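Only one structure is covered here, and it is reproduced in the block below.
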There are 2 protein chains.
Amino acid sequence: MNRYSKQTRLLVAIDCIIFGFDGNEMKILLVQRGMVPEKGKWSLMGGFVQPDESLEEAAARTLNELTGLGNVYMEQLHTFGMPERDPIERTVSVTYFALLDLAKYKVQLSSEFQAEWFPLKKFPRLIFDHSEMVQAARDRLKYKASLHPILFELLPEKFTIPQLQSLFEDVYQASFDKRNFNRKIISTGLLIKQSEKDRINSRKGAFFFKLDKKTYRENFHSILRMIPNPNDSI
Amino acid sequence: MNRYSKQTRLLVAIDCIIFGFDGNEMKILLVQRGMVPEKGKWSLMGGFVQPDESLEEAAARTLNELTGLGNVYMEQLHTFGMPERDPIERTVSVTYFALLDLAKYKVQLSSEFQAEWFPLKKFPRLIFDHSEMVQAARDRLKYKASLHPILFELLPEKFTIPQLQSLFEDVYQASFDKRNFNRKIISTGLLIKQSEKDRINSRKGAFFFKLDKKTYRENFHSILRMIPNPNDSI
DNA sequence: ACAAAAGTGTTAAGGCTACACCCATGG
DNA sequence: CCATGGGTGTAGCCTTAACACTTTTGT
């Protein structure tokens with residue numbers, strides 16, 4: 001015997017929830033679907049798992065086809081498998097979410113796809129169960145970012161603490177006291193202060209910081225408390 | 001068009017990591033595989049996803065076939081999809097882990113399967129990547145139980161605090177100071193003290209507690225700190 | 001000199017760890 | 001009466017939230 005006979009084989013897809021931060025707000029990368037059904041409607045970037053690739057490879061390939069990027073933070077999110085989720089044919093979708101520094105890579109989007117960055121606060125209706133996938137990814141991101149220094153993956157190599165705070169505030173839709181936020185972030189020991197300042201947002205200028213990669217790797221899996229108590233919803 | 005032509009369809013399996021606690025130690029339920037390849041070797045309970053069932057339904061069905069149980073805590077863990085993980089034919093496996101009160105249900109194991117409870121500390125070599133799945137489930141259990149009151153799912157309706165503590169100690173392979181453990185658990189507000197005592201383990205007897213189901217549901221998703229600092233590894 | 005954002009310090013409260021003794025009971 | 005496991009209290013430390021003023025510099 002070299003097949004499990006009598007069992008039904010299913011299509012297995014990958015869908016990627018691609019988050020980016022432009023220094024100001026969180027965005028999500030969507031594509032206009034190129035095939036029927038729902039051709040022309042907005043959806044997550046996805047594709048089918050090929051016979052010889054692992055799920056991680058399929059996810060990385062999918063991201064790369066759209067953005068040209070590799071070496072991006074990706075994490076398996078959840079697998080969606082309701083029988084009727086794709087009306088054409090039953091498809092099980094393994095979802096991954098990716099975090100990237102949007103400003104740096106904005107221009108590289110493949111023109112092969114009709115892709116666009118949308119603010120996470122307001123993006124179009126998506127096909128199938130893709131909105132549910134986005135919601136699950138947002139929930140996971142919030143959850144994980146409160147315990148692990150994952151949001152640094154969204155920032156450029158050099159960033160300022162006010163930038164970091166505005167990223168947290170956008171993710172949590174909350175405001176934080178800057179003194180407490182500062183103390184909390186500094187106490188993680190993850191930041192290395194640079195001598196230069198970013199003068200884009202103020203006359204005084206804000207010091208740049210870099211991530212201490214070694215400490216980052218060592219502490220990534222320990223449970224930290226990354227955010228102070230929020231003040232209010234924004 | 002009513003099929004995505006040219007795409008390869010894959011077998012989609014469910015594998016269940018079933019944890020149980022017998023009042024003394026954590027166990028895992030394994031079956032002797034009934035089909036080639038690896039017939040007779042120990043493996044997780046699993047099966048293929050059927051055409052008309054969701055992944056959750058398939059997982060619940062798999063658990064029910066083996067134990068006769070329904071209404072058990074189950075959670076999707078991770079999807080494993082290395083191309084060569086099953087040498088017969090490529091199979092993507094969606095894993096779920098289950099938590100159950102072993103003492104209560106020990107007898108109901110279906111005789112259709114050769115199933116056995118093994119101590120989590122020492123269980124046989126498993127087929128394919130099943131050991132990796134168990135490790136991932138243990139890691140997830142530790143992680144999640146440190147933040148959410150998930151381990152109550154392993155206990156009978158009435159339980160004592162020393163029982164609860166020994167469960168935590170087994171999961172974390174650590175010992176906790178009983179005064180601090182007590183305070184921490186009581187402060188969650190999840191326990192309702194009963195008037196009866198359990199006199200099995202001591203002459204004095206330990207008070208039974210029940211879970212406050214309402215508080216449990218309300219607080220399940222908030223991030224608590226469930227365990228005090230461990231003293232030492234056991 | 002003033003506007004606009006960056007940066008910093010203190011206090012009071014609550015939560016945490018570490019630690020040692022009394023209680024209830026059956027034999 | 002004693003052995004066994006169950007149950008509790010506290011002091012010192014650390015972390016946290018709440019809160020307001022000073023610094024820098026371009027215009």
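Keep in mind it's a predicted model, so treat the numbers as computed, not measured. In what follows, chains carry the letters A, B, and so on, assigned in the order in which the sequence lines appear, proteins first and then strands, with residues in each chain numbered from 1.
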- salt bridge (Lys or Arg N to Asp or Glu O under 4.0 Å) pairs, two or more places apart, involving residues 210-229 of chain B: B:Glu157-B:Lys210, B:Lys214-B:Glu218
- Message: If I take atom CD in residue A:Gln165 and atom P in nucleotide C:dA5, what distance separates them, rounded to the nearest angstrom?
- Response: 14 Å
- Rounded interatomic separation in angstrom, taking CD1 from B:Ile161 and P from D:dT8: 8 Å
- Message: Just the rounded figure in Å: distance from P of C:dG26 to CG of B:Asn201.
- Response: 15 Å
- Item | With sequence neighbours excluded, residues passing ring-ring contact (aromatic ring centres under 6.0 Å, His included) with A:Phe152 | A:Phe159
- Query: For the side chain of B:Glu169 and the backbone of B:Phe176, is there at least one donor-acceptor N/O pair under 3.5 Å apart?
  - Reply: yes
- Item | Partner set under salt bridge (Lys or Arg N to Asp or Glu O under 4.0 Å) for A:Glu25, not counting sequence neighbours | A:Lys121
- Note on the structure: With sequence neighbours left out, the residues meeting side-chain hydrogen bond (donor to acceptor under 3.5 Å, both in side chains) with B:Asn24 are none
- Apply side-chain hydrogen bond (donor to acceptor under 3.5 Å, both in side chains) to B:Thr95 and list each qualifying residue two or more places apart in sequence or on a separate chain. none
- Query: Quick one: A:Ile186 CD1 to C:dG9 C1', roughly how many Å, whole number?
  - Reply: 15 Å
- Message: Applying side-chain hydrogen bond (donor to acceptor under 3.5 Å, both in side chains), can you list everything that pairs with B:Arg61, at least two apart in sequence or on another chain?
- Response: B:Glu53, B:Glu65
- Task: Mind checking ring-ring contact (aromatic ring centres under 6.0 Å, His included) for A:Tyr143 and listing every partner two or more places apart, or none if nothing turns up?
- Result: B:His148
- Query: Between the axis at one end of the helix from C:dA1-D:dT27 to C:dG27-D:dC1 and the axis at the other (five pairs apiece), what's the angle to 10 degrees?
  - Reply: 10°
- Query: Just how far, in rounded Å, is C1' of D:dT4 from CG of B:Asp198?
  - Reply: 14 Å
What does the list of N/O pairs under 3.5 Å between the protein and nucleotides 21-27 of chain D look like, with a distance for each?
residue	atom	partner	partner atom	Å
D:dT23	O2	A:Lys204	NZ	2.9

Interface polar pairs with nucleotides 14-19 of chain C, N/O, under 3.5 angstrom:
residue	atom	partner	partner atom	Å
C:dC16	OP1	B:Lys184	NZ	2.8
C:dT17	OP1	B:Asn229	N	3.0
C:dT17	OP1	B:Asn229	OD1	3.1
C:dA18	N7	B:Asn180	ND2	3.1
C:dA18	N6	B:Asn180	OD1	3.4
C:dA18	N6	B:Arg183	NH2	3.1
C:dC19	N4	B:Arg179	NE	3.2

- Task: Please confirm whether A:Phe118 and A:Trp42 have ring centers closer than 6.0 angstrom.
- Result: yes
- Message: Please enumerate all residues that pass ring-ring contact (aromatic ring centres under 6.0 Å, His included) together with B:Phe181, with sequence neighbours excluded.
- Response: B:Phe168
- Between A:Phe209 (CZ) and C:dG7 (C1'), how many Å, whole number? 10 Å
- Task: Measure from CZ on B:Phe207 to C1' on C:dC23 and round the result to the nearest Å.
- Result: 11 Å
- Message: Restricting to ring-ring contact (aromatic ring centres under 6.0 Å, His included), what partner residues turn up for B:Tyr96, sequence neighbours left out?
- Response: none
- Roughly, in whole Å, what's the span from CE in A:Met226 to C1' in D:dT16? 16 Å
